[in-house]
Amino acid sequence: NYQVKLNMHRDDELGELASSIQSLSNNLEKVQRERSEFLASISHELRTPLTYLRGYADVAQRKISEEEREKYLKIIHEESKRLTTLVENLFDLAQADRHQLTIQKECVNIGSLSANILQKFELVARERGIMIEFQSADDVFVNVDPLRFGQVIMNVVDNAIKYSPNQSKIIFSIKQVNTKVIISVQDFGQGIPDDQITNVFERFYRVDLSRARETGGTGLGLAITKEIVDLHHATINISSTLGIGTTVTIELESEIHEKSSNR
Ligand code: ADP
């Protein structure tokens, strides 16, 4: 038997070769299993909004009150938005897998970039009485792809808002510590159970499935965020206490910049 032989001749060259082949084949099996799981998740994620779309489009065509129709059209709108995000996210991940997710770094004032992004959340935050506190030193520069790094900030802030209760606070801060720039987003929301913190970077992983659906999440945001952060040779860490809140910290090299420059 192949397996037995493999153990018996562990020290032989042939044994080593057999062992390499064995581990290669195990890896291949793992990759295939992951791929099939990934495809199953995609199908599931696509089917759900499509079912809603068809169902609500059906009822919206019936004889119903204007008020009801408006309600159903709103759901149709939300679900198509979710589908768009899902497809965009999948496209990004497929690119990352083929090493085709590329970044074009330039010297960026991270305070200005962040302020621009936070502005986009102003309305959603205000509607829910969430206050976003912005703390940043002046003129902190980093070498990043402004679009892709903007996407990272957007995902993290979006999560902070999504998983926070109404009338709460989010603290967004940028600090420069020696040659490092530390960006942190702290919320006072539901938090993440200790044993699941590392899982949230996995594709399609969601802590609370029903709640995550309500919030319009796809479970891909942090997976993409991690890919982009890695491409920048930066780090991302999450610390969280259930029922107290979550802090996401991104750390990267600062671009030492002369004060006189106006970029
Ligand atoms: P989603 O689109 O579901 O938000 P993400 O990949 O961005 O997907 O996040 C994965 C999961 O991690 C979320 O479904 C949520 O359960 C959890 N999570 C992420 N950020 C936070 C946060 N700030 N507070 C609590 N839970 C969070």
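For ligands, and for the atoms within them, numbers begin at 1 and follow the listed sequence.
Under the ring pair (Phe, Tyr, Trp, His ring centres under 6.0 Å) criterion, no residue pair touches residues 177-201, with sequence neighbours excluded.
A salt bridge links K30 with E34: the distance from a Lys NZ or Arg NE/NH1/NH2 to an Asp or Glu carboxylate oxygen falls below 4.0 Å. Salt bridge annotation for D97-R35: absent, with no cationic side-chain nitrogen under 4.0 angstrom from a carboxylate oxygen.
Atom CD in E79 sits 6.0 Å away from atom CG in L53 (nearest 0.5 Å). Taking CG of L101 as the reference point, atom CD of E227 lies at 7.0 Å (rounded to 0.5 Å). Considering CG of N89 and CZ of F204, their distance stands at 9.0 Å, rounded to 0.5 Å.
Which parts of ligand 1 touch G219 is read off a 4.0 Å heavy-atom cut-off, strictly below it: atoms 1 (P), 2 (O), 3 (O), 6 (O), 8 (O). Those atoms of ligand 1 that come under 4.0 Å of a heavy atom in Y205, given as number and element, are 10 (C), 11 (C). For ligand 1, the atoms closer than 4.0 angstrom to any heavy atom of K162 are 1 (P), 2 (O), 4 (O). Atoms of ligand 1 lying under 4.0 Å from any heavy atom of L220, numbered from 1 in the order shown and given with element: 6 (O), 8 (O).
Comparing heavy-atom distances from atom 9 (O) of ligand 1 across L222, N155, T218, I197 singles out L222 as nearest.
The part of I192 lying near ligand 1 is the side chain, judged by heavy-atom distances below 4.0 Å. At a heavy-atom cutoff of 4.0 Å, ligand 1 is contacted by no atom of F201, backbone or side chain. By the criterion of a heavy-atom distance under 4.0 Å, the side chain of D187, and not its backbone, is placed next to ligand 1.
For the ligand labelled ligand 1, residue G189 lies outside the 4.0 Å heavy-atom shell. Not a single heavy atom of Q196 sits under 4.0 Å from any atom of ligand 1.
Residues meeting the salt bridge (charged side-chain N to carboxylate O under 4.0 Å, His left out) test with E122, sequence neighbours left out: R126.
Side-chain N or O atoms of R148 include none that pairs as donor or acceptor with a backbone N or O of H232 at under 3.5 Å.
Geometrically, ligand 1 and V207 share a nitrogen or oxygen pair separated by less than 3.5 Å.
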